[in-house]
Amino acid sequence: VQLQASGGGLVQAGDSLTLSCAASGRTSSTKYMGWFRQPPGKERDFVAAIAWSGAVSTGTYYADSMKGRFAISKDNGKNTVYLQMNSLKPEDTAVYYCAALQKWCLGYGCHNSAVYHYWGQGTLVTVSS
């Protein structure tokens, strides 16, 4: 599976931004798609994940600090997952990565970056104050 993230850029605090992640290759084996972010000098953290296929086709997970401001969605027809980010803050500045998981996860198990099999190259989001 190949993942191509896009949509990052420089925005002001309070703005909104939507990131996209286009998947190609053996996406039929993908069970979840996730977004992670890595602020400058910090570790990579979970942002959100969405069920990609199978019986649980609409399940979503969010990091507690992202609930209410960020929304993950998908378009299976376009093999694309989106991350809508609202009311952006300077602390949201980070490289945002999309990732694909090819097995089922549950709850906080979906937050663990180590379980994801494929990663995109990342897209930088910079929020100015």
Side-chain angles (χ1 to χ4, degrees):
V1 176
Q2 293 78 45
L3 303 173
Q4 181 71 42
S6 62
L10 174 63
V11 298
Q12 294 186 334
D15 285 351
S16 297
L17 194 65
T18 299
L19 306 181
S20 300
C21 177
S24 60
R26 296 186 63 181
T27 59
S28 60
S29 299
T30 297
K31 298 297 188 291
Y32 280 88
M33 293 285 287
W35 284 100
F36 292 78
R37 70 182 188 182
Q38 187 166 15
K42 297 184 179 181
E43 295 183 351
R44 189 174 301 186
D45 292 326
F46 174 76
V47 175
I50 188 167
W52 186 253
S53 62
V56 187
S57 61
T58 59
T60 57
Y61 296 102
Y62 292 94
D64 291 341
S65 60
M66 312 297 173
K67 290 179 181 178
R69 288 198 304 128
F70 290 10
I72 190 171
S73 62
K74 63 177 182 175
D75 185 333
N76 285 96
K78 296 182 179 180
N79 278 343
T80 300
V81 63
Y82 304 95
L83 183 69
Q84 172 71 39
M85 304 184 293
N86 300 316
S87 301
L88 284 164
K89 306 174 182 179
E91 51 263 42
D92 293 319
T93 294
V95 177
Y96 285 73
Y97 297 91
C98 58
L101 174 59
Q102 298 200 322
K103 63 179 182 180
W104 295 112
C105 61
L106 182 65
Y108 286 103
C110 302
H111 297 209
N112 184 1
S113 62
V115 304
Y116 285 77
H117 298 94
Y118 300 98
W119 291 84
Q121 85 289 358
T123 185
L124 176 63
V125 174
T126 303
V127 184
S128 64
S129 57

Enquirer: Rounded to the nearest 0.5 Å, what's the gap from CZ on Phe70 to CG on Leu19? Could you check?
Expert: 8.5 Å

Enquirer: About how many Å separate CD of Gln38 and CG of Leu124, when rounded to the nearest 0.5 Å?
Expert: 11.5 Å

Enquirer: I would like to know whether Trp119 and Arg44 meet side chain to side chain contact (heavy atoms under 4.5 Å, CB included); could you show each step before the answer?
Expert: CA-CA 12 Å; Trp119 291 84; Arg44 189 174 301 186; 3.2 Å; yes

Enquirer: Would a single hydrophobic cluster contain both Leu17 and Ile50, if residues Ile, Leu, Val, Met, Phe, Trp and Tyr are joined by side-chain heavy-atom contacts under 4.5 Å?
Expert: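 Hydrophobic grouping puts Ile50 with Leu17.
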
Enquirer: Donor-acceptor pair, Thr93 side chain versus Pro90 backbone, under 3.5 Å?
Expert: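 Flag set: sc Thr93 to bb Pro90 pair under 3.5 Å.
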
Enquirer: With distance as the sole test, does Ser128 use its side chain to make a donor-acceptor pair with the main-chain N or O of Val11 at under 3.5 Å?
Expert: yes

Enquirer: Treat each ILVMFWY residue as a node, draw an edge where side-chain heavy atoms are under 4.5 Å apart, and state whether Tyr108 and Leu106 are in one component.
Expert: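 In one cluster: no.
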
Enquirer: Who pairs with Tyr96 by side-chain hydrogen bond (donor to acceptor under 3.5 Å, both in side chains), at least two apart in sequence or on another chain?
Expert: Arg37

Enquirer: Quick check: closest heavy atoms across Leu83 and Ala48, and the distance to 0.1 Å?
Expert: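 Looking at all heavy atoms of both residues, the shortest contact is CD1-CB, 4.4 Å.
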
Enquirer: Test side chain to side chain contact (heavy atoms under 4.5 Å, CB included) on Leu101 and His117; report intermediate values, then the result.
Expert: CA-CA 5 Å; Leu101 174 59; His117 298 94; 3.6 Å; yes

Enquirer: Using atom types as modelled and distance alone, determine if a side-chain donor or acceptor of Tyr62 lies under 3.5 Å from a backbone N or O of Ile72.
Expert: yes

Enquirer: Between CZ of Phe46 and OH of Tyr61, what distance do you get to the nearest 0.5 Å?
Expert: 9.0 Å

Enquirer: Nearest 0.5 angstrom please: Tyr32 OH to Gln102 CD, how far?
Expert: 14.0 Å

Enquirer: Tell me whether Tyr82 is reachable from Val47 by hopping between hydrophobic residues (I, L, V, M, F, W, Y) whose side-chain heavy atoms are closer than 4.5 Å.
Expert: no

Enquirer: For Trp52 and Thr30, which heavy atoms make the closest approach, and how far apart are they?
Expert: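 Minimum heavy-atom separation between Trp52 and Thr30: CD1-O, 3.5 Å.
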
Enquirer: Could you state the interatomic distance from OG (Ser28) to CG (Asn79), rounded to the nearest 0.5 Å?
Expert: 9.5 Å

Enquirer: Run the side chain to side chain contact (heavy atoms under 4.5 Å, CB included) check on Cys110 and Tyr116 step by step: do they pass?
Expert: CA-CA 9 Å; Cys110 302; Tyr116 285 77; 4.2 Å; yes

Enquirer: Walk me through it: do Leu3 and Met33 pass the test side chain to side chain contact (heavy atoms under 4.5 Å, CB included)?
Expert: CA-CA 10 Å; Leu3 303 173; Met33 293 285 287; 3.7 Å; yes

Enquirer: Kindly give the heavy-atom pair with the smallest separation between Ser20 and Trp35, and that separation in Å.
Expert: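 Shortest heavy-atom separation between Ser20 and Trp35 comes out as O-CH2, 3.6 Å.
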
Enquirer: Check side-chain hydrogen bond (donor to acceptor under 3.5 Å, both in side chains) between Thr18 and all other residues, then give those that pass, not counting sequence neighbours.
Expert: Gln84

Enquirer: Would a distance-only check, ignoring hydrogens and angles, find a side-chain to backbone donor-acceptor pair under 3.5 Å from Gln121 to Ala5?
Expert: yes

Enquirer: Distance check, rounded to the nearest 0.5 Å: Asp15 atom CG versus Asp92 atom CG?
Expert: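 Rounded to the nearest 0.5 Å, the CG-CG separation comes out at 11.5 Å.
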
Enquirer: Counting N and O atoms only, with roles assigned by atom type, does the side chain of Lys74 sit under 3.5 Å from a partner on the main chain of Ala51, one being a donor and the other an acceptor?
Expert: yes

